Amino acid sequence: MKFEDLLSEINGFGRFQKMVLMINFFGRFSLACHFLLGNFIAVIPSHHCDISSLDADGILGNLSREERLTVSVPAQEDGTPASCHMFSHPQFHLLMNSSSSTELPVVECQNGWEYDNSTFISTLATQWDLVCDNRALSRLTTTIFFIGVMFGAAAFGSLSAMYGRKPMLLLSHILGMGFGLCSAFSSSFIMFAVLRFFTGFTITGSVIISTVLNVEWVSIEHRKLVGVIDSLSWTFAFMSFSLIAYLIRDWRWLTVSISLPTIIAIITWWWIPESARWLIANGKADKAYGYLHKCAVMNRKKEGTAMIKPEELGKIIVTDRGNRKYSYLDLIKTPMMRRLALLTGITWFSVATVAYGISFNISSFGLNMYLTQFVYGAIEIPAKSSIYYLLDKFGRRITQAGSLLLVGISLVINIFIPKDKSVVRTVIAVLGKGCSATSFGTVILYSSELYPTVLRQNGMGYNSFVARLGVSVAPLILLSDDIWSYFSQVILSSLALSAAFVAYHLPETRGRCLPETIEDVEGIRKGTDGSPLQDRKMEEKEGSRVKWKDDLILQNT
């Protein structure tokens, strides 16, 4: 008897599962918004030196603003005021265009800067003068955040495998919101950077834990639908965030506005169940039975659990529990697990690097940044919606490898299209972005199906860690364009094509039961017919379920 058989008896996608899916859908909102926060709060608006020191005696009082800038700040090649230098004293002769301002002696800004606040009321740059020599610090906060996400994924993957999905999900919600709110009221840049690290570290647990919870509570035939809905939660947040950022132009209140919604996730957490699979695998059959009974009642399938006793649940998932503790080391101790970790790690790294590389480097639509962000999110809707059909038609492996192959091809095509063909390049880039969204949505569900219950959170934590490493590397790859204008495209296309080859060597999971133990993955735990348990097809499920019910009836008579 497999867990999927019992789950089908109580409806593997009833009201209970839909409640869990909906709660987790909105619980991801803050995390997705925090991923994009740097695009708006780290913007450096137009600026020039504060020229008040040159007007100490009021000698510039009769001049217009443009004239004061002309005599105080040197002009750049495009005619705009220089950002980091000013004249040591007013150059009134420039009003007569008597000489070029580039030949006059200049000094660095003496009293700070004046910023263009027409688009943003306040950003990190305007708050702490992160311009000129400190310009890189503004963008550094994004890298610091993703480093926190990277280590947080590994930490929460291990903690949720040891202490359960549900308590670690609450911890992630509370700490993520706490650090997010505190960062909004930072008194220094260093304080903000540290708090951004811990925000990323703690808030990432919500996505890897909720993904696993959703998959572990639904039946085989509905896992692909859950994967699509999971992925669309990010798209929903991306599109919503563009509107929030448009309405709130101050970086502090924007940070507060995307952190506070986590309160909803904390409140609704009380209705989130613990994973019955995890409870059974860790010798807590009584609690697992309680959640399964609640599921049956809500799904109006009470008869599904009426014929089974809590102590019999332990026979469904056979593990060497007790004092056995699983860790990340178990990912590399056995041959098949080692191979699985290597292949999924390469796939996740490449998918994340390519997806964010395209997002950071995609051609502009000629729209403002808020509308552009909305369009980027909207593009993902058809791309991710197609996953449901593709997974059913072609399976996980072909969808994963095929989408990566198309991403690589689109990047290669853009290498040979001239830069002046901006419309054509934009169309190809958008197609590539759509395919990358498909590959990202697929890899999350695919990986959660590949790892056994006892190591599923460790596996997802490890993969998320590798993915965030790829996100951190993506901006560095784009900097390689300084060497050759197409260098980054060559690197990204090579990663996509290589990952397509790697993903093709992963085992197919369509229509198969989730593996429960390492032995299932290794293929050394046999069923009564002598075949590996993880290779049983869905066609065998009905017969085994009928036999299981008949045996229970005989035992109770």
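All values below were derived from every heavy atom in this structure, side-chain atoms included, with hydrogens, water molecules and symmetry-related copies excluded. If you read the sequence from its start, that first residue is 1, and numbering goes on from there. Predicted model, so just to flag it, every value in this text is computed and none were measured.
Applying the ring-ring contact (aromatic ring centres under 6.0 Å, His included) test to residues at least two apart or on different chains, the pairs with a partner in residues 432-470 are Phe151-Phe465.
Between the Gln17 side chain and the Gly14 main chain, a donor and an acceptor come within less than 3.5 Å of each other. A donor-acceptor contact shorter than 3.5 Å is absent between the side chain of Asn11 and the backbone of Asn299. Between the Thr438 side chain and the Gly434 main chain, a donor and an acceptor come within less than 3.5 Å of each other. The main-chain N or O of Ser206 is found under 3.5 Å from a side-chain atom of Ser210 such that the two form a donor-acceptor pair. The backbone N or O of Trp278 sits less than 3.5 Å from a side-chain atom of Ser275, completing a donor-acceptor pair. The backbone N or O of Ile258 sits less than 3.5 Å from a side-chain atom of Ser30, completing a donor-acceptor pair. Remark: the backbone N or O of Ala383 is paired with a side-chain donor or acceptor of Ser386 at under 3.5 angstrom. Side chain of Thr204 to backbone of Gly200: no donor-acceptor contact under 3.5 angstrom is found. Between the side chain of Arg338 and the backbone N or O of Ile332, at least one donor-acceptor pair lies under 3.5 Å. Of the possible polar contacts, one joining the Ser436 side chain to the Lys433 backbone as a donor-acceptor pair under 3.5 Å is found.
Looking at Pro452 and Asp520, their side chains never come closer than 4.5 Å, going by heavy atoms from C-beta outward. Here the side chains of Leu404 and Leu497 are not in contact, with every heavy-atom distance at 4.5 Å or above. Side-chain contact check for Val226 versus Phe13: some heavy-atom pair is nearer than 4.5 Å. Using a 4.5 Å heavy-atom cutoff, the side chains of Asp330 and Met337 are not in contact. Side-chain atoms of His34 and Thr199, non-hydrogen and from C-beta on, do get closer than 4.5 Å to each other. Counting only heavy atoms from C-beta outward, the side chains of Ser172 and Thr202 never approach each other to under 4.5 Å. For the pair Ser439/Gln400, a side-chain contact is recorded, criterion being any heavy-atom separation below 4.5 Å from C-beta on. A 4.5 Å side-chain heavy-atom check between Phe201 and Val149 finds every atom pair outside the cut-off.
Taking the centre of each ring, Phe25 and Phe236 come in below the 6.0 Å mark. The aromatic ring centres of Phe35 and Phe146 sit less than 6.0 Å apart.
Shown are Asn214, Thr211, Asp230; of these, the side-chain hydrogen bond (donor to acceptor under 3.5 Å, both in side chains) with Asn24 is made only by Asn214.
Classification of Glu216 and Arg165 as a salt-bridged pair holds, one side-chain N sitting under 4.0 Å from a carboxylate O. Salt bridge present: Glu449 and Arg396 bring a charged side-chain N and a carboxylate O closer than 4.0 Å.
By the ring-ring contact (aromatic ring centres under 6.0 Å, His included) test, Trp348 is found to be paired with no residue, residues two or more places apart in sequence or in another chain being considered. Partners of Tyr291 according to the ring-ring contact (aromatic ring centres under 6.0 Å, His included) rule, which considers only residues two or more places apart in sequence or in another chain, do not exist here.
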Discussion item. With side-chain contact (heavy atoms from CB on, under 4.5 Å) as the criterion, how do Arg339 and His505 come out once you've worked through the C-alpha distance, each side chain's angles and the decisive distance to 0.1 Å?
Written reply: CA-CA 10 Å; Arg339 180 177 183 273; His505 286 81; 3.9 Å; yes
Discussion item. I'd like to know whether Tyr504 forms a side-chain contact (heavy atoms from CB on, under 4.5 Å) with Ile398, so could you lay out the CA-CA distance, the side-chain angles of the two residues, the decisive distance to 0.1 Å, and finally the verdict.
Written reply: CA-CA 7 Å; Tyr504 187 75; Ile398 297 300; 3.7 Å; yes
Practice prompt. Apply side-chain contact (heavy atoms from CB on, under 4.5 Å) to the pair Ile23 and Trp271, showing each step before the final yes or no.
Written response: CA-CA 8 Å; Ile23 291 175; Trp271 288 273; 3.8 Å; yes
Fill in: Intermediate values then yes/no, side-chain contact (heavy atoms from CB on, under 4.5 Å), Leu342 and Val502
CA-CA 9 Å; Leu342 176 63; Val502 171; over 6 Å; no
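Counting all heavy atoms, side chain and backbone alike, Leu213 lies closest to Glu274 at CD2-C, 4.2 Å. Residue Lys333 comes nearest to Leu329 through the heavy atom pair CG-O, 3.2 Å, listed as atom of the first residue, atom of the second, then distance. In terms of heavy-atom proximity, Lys301 sits nearest to Ile10 at CB-CA, 3.7 Å. Across every non-hydrogen atom of Thr353 and Gly470, the tightest pair is OG1-CA, 3.1 Å.
Taking the six-membered ring where tryptophan is involved, the planes of Phe238 and Trp234 are perpendicular, since the angle between them exceeds 60° and thus also 30°.
Note that OG of Ser403 is 8.0 Å distant from CD1 of Ile387, once rounded to the nearest 0.5 Å. Taken to the nearest 0.5 Å, the OG atom of Ser493 stands 11.0 Å off from the CD1 atom of Ile413. For the atom pair CZ (Phe16) and CG (Leu292), the distance works out to 8.0 Å, reported to the nearest 0.5 Å. Considering CG of Leu331 and OG1 of Thr344, their distance stands at 8.0 Å, rounded to 0.5 Å. Separating the CD1 atom in Ile209 from the CG atom in Leu170 is a distance of 10.0 Å, to the nearest 0.5 Å. The distance from atom CD of Glu508 to atom OG1 of Thr399, rounded to the nearest 0.5 Å, is 8.0 Å.
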